[in-house]
Amino acid sequence: STVALRYIGINCAFTAGGTVSNIHGNTIASVSITTSSGATTANGILCGINVTAGNANIGVSAANTIGATTGTGSLSATSTTTGGLLVGINSSSTGTISIQNNILGAFSCSGVTAAVAGSIAGINVSGVAASMTVSNNIIGNTTADNMRGGTLGLTTANSLVSGINMPSTSTGVINVSGNTIRNLSSFGSGTTAFVRGIWTAAASGSASTYNIFSNTITALTSNSSLATITSGQAGTVGINPATGTNNNVYLNTISNISNINTGTTASFVAGIISANATNASIYRNRIYDLRNAGTSVSATAPSQIAGIIIR
């Protein structure tokens, strides 16, 4: 389409400070959109559930299913303008938000030419919430590459793929626990492309505390040529808390994380990267099966693999 279409399955703006509203037991599936919009933030070009104001429980008492529990392409977005974002659940509310027990899978977002990328965010926290809990969600089904940004062998632009993305720093304590994030793939080969399981905004001096624990992150694949780890934000990483005070990252299992780009510039694959945070505690995590196909042999900028990096 030459029209900048954007689609939201369930769009809610509740009364700020009002009674907690519940969004649960819904199924949003079999949606395909082609658009000239390249929206890359908040609810993007296609979004399952979007909450812009008020207090809300999303899932909690009964799971919302967004996409499909098997297979690929249940939610499909094609943009003619680079950068289009497909989002499962977005919250831009400043209220108290709980996102729990939801099932997301089979997302596909790509352009039709090499220079037009597509991006994915399972859960996107784009607002400064007063309280935020993200727990026990399943992001990605058991089918390989079912959460896919870009097209392998075609996309040379920047596919940005996240399981749980928290670009806005919520206040107080943020709990992210018990989530399963699997089979995410970023196939764009651009210099800022990435796949990240769980990550935050990059900012120094934040008083917020992130408790990220008991999550399982597996089968993340990137074709990125991102050569830096500014604020810990590498091209291929399981968990990246890049802000906060007294963060706790523990009891997570991170495995099968790979960069498939064979380029000769520096590249990084890591289980956990912590940056900008004050007094962070990272302990009792299990990290294994990390792979990097990068071919840099530079003494100062090699292709690297690390279980944990502290910046």
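Numbers here simply count residues along the sequence, with the first being 1.
- V112 meets the side chain to side chain contact (heavy atoms under 4.5 Å, CB included) test with T78; sequence neighbours excluded.
- Between P167 and T41, every side-chain heavy-atom pair lies at or beyond the 4.5 Å cut-off.
- In summary, the side chains of N246 and T209 do not present any donor paired with an acceptor at a separation below 3.5 Å, with no hydrogens or angles considered.
- T218 and S255 form a side-chain donor-acceptor contact under 3.5 Å, judged by distance and modelled atom types alone.
- Atom CG in N141 sits 7.0 Å away from atom OG1 in T69 (nearest 0.5 Å).
- In this structure, Y250 and F213 have parallel ring planes: the angle between them is below the 30° cut-off, well short of the 60° mark.
- For residues 10-21, every residue pair satisfying the side-chain hydrogen bond (donor to acceptor under 3.5 Å, both in side chains) rule, not counting sequence neighbours, is listed here: N11-N50.
- Side-chain atoms of N261 and S225 include no donor-acceptor pair closer than 3.5 Å.
- Separating the CG atom in L104 from the CG atom in L75 is a distance of 8.5 Å, to the nearest 0.5 Å.
- With N240 contributing its side chain and I273 its backbone, the two residues share a donor-acceptor pair below 3.5 Å.
- Proximity of a side-chain donor or acceptor of N215 to a complementary backbone N or O of N179 within less than 3.5 Å is detected.
- With a 4.5 Å cut-off on side-chain heavy atoms, N102 and N137 count as touching.
- In this structure a side-chain-to-backbone donor-acceptor pair under 3.5 Å is present from R148 to G150.
- Between the side chains of T81 and S79, no donor-acceptor pair is found at a separation under 3.5 Å.
- S258 places no side-chain N or O within 3.5 Å of a backbone atom of R291 that could act as its donor or acceptor partner.
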